[in-house]
Amino acid sequence: MKVTIRITGDALSAYIPKKDLEEPIISVANEDLWGGSILLRNGWRLGLPHLPQDTRLPVTVEANIRRH
């Protein structure tokens with residue numbers, strides 16, 4: 001699914017246009033964000049693709065939902 005990662009205030013958030021949903025990112029599995037997973041406040045864990053560490057935000061990527 002398409003996800004836009006952006007900075008909202010002082011925090012990262014993920015916007016999912018298909019669901020018209022924006023949720024704060026509460027944890028990041030990889031220090032550089034890309035190629036790991038993120039946990040959203042609503043409990044969804046999304047896998048992100050590998051991107052260069054210096055990728056500028058906002059960015060729209062193809063992410064997948066990871067089950068526990």
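On a predicted model such as this, the values are computed, not experimentally measured, just so you know.
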Original post:
Can you check side chain to side chain contact (heavy atoms under 4.5 Å, CB included) on Asn64 and Leu48, steps first, answer last?
Top reply: CA-CA 7 Å; Asn64 56 8; Leu48 299 179; over 6 Å; no
**OP:** Test Ile26 against Leu40 for side chain to side chain contact (heavy atoms under 4.5 Å, CB included), laying out the working first.
**Re:** CA-CA 6 Å; Ile26 60 171; Leu40 304 182; over 6 Å; no
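The distance from the CG atom of Leu33 to the CD1 atom of Ile5 is 6.5 Å, given to the nearest 0.5 Å. The CZ atom of Arg56 sits 14.5 Å away from atom CG of Leu51, with the distance rounded to the nearest 0.5 Å. Atoms OG and CG, on Ser37 and Asn30 in that order, are 7.5 Å from each other to the nearest 0.5 Å. Atom CZ in Arg41 sits 10.0 Å away from atom OG in Ser13 (nearest 0.5 Å).
Counting all heavy atoms, side chain and backbone alike, Ala14 lies closest to Ile25 at N-CG1, 4.1 Å. Pro58 approaches Thr4 most closely through the heavy-atom pair CB-CG2, 4.2 Å. Nearest heavy atom pair, residue Ile65 against residue Met1, reads CD1-CE, 3.3 Å. Residues Trp34 and Val59 come closest through the heavy atom pair CH2-CG1, 3.4 Å. Heavy-atom minimum distance, Gly47 versus Arg66: CA-NE, 3.5 Å.
Partner Tyr15 forms a side-chain contact (heavy atoms from CB on, under 4.5 Å) with one of Leu21, Thr60, Asp20, Thr8 and no other, that one being Asp20.
Within 6.0 Å of atom CD in Glu62, more than 12 heavy atoms from other residues, nucleotides or ligands are found, so the atom counts as buried in its surroundings.
Between Leu12 and Leu57 there is a side-chain heavy-atom pair separated by less than 4.5 Å.
Distance alone, capped at 3.5 Å, is enough to place a donor-acceptor pair between the Asn42 side chain and the Trp44 backbone.
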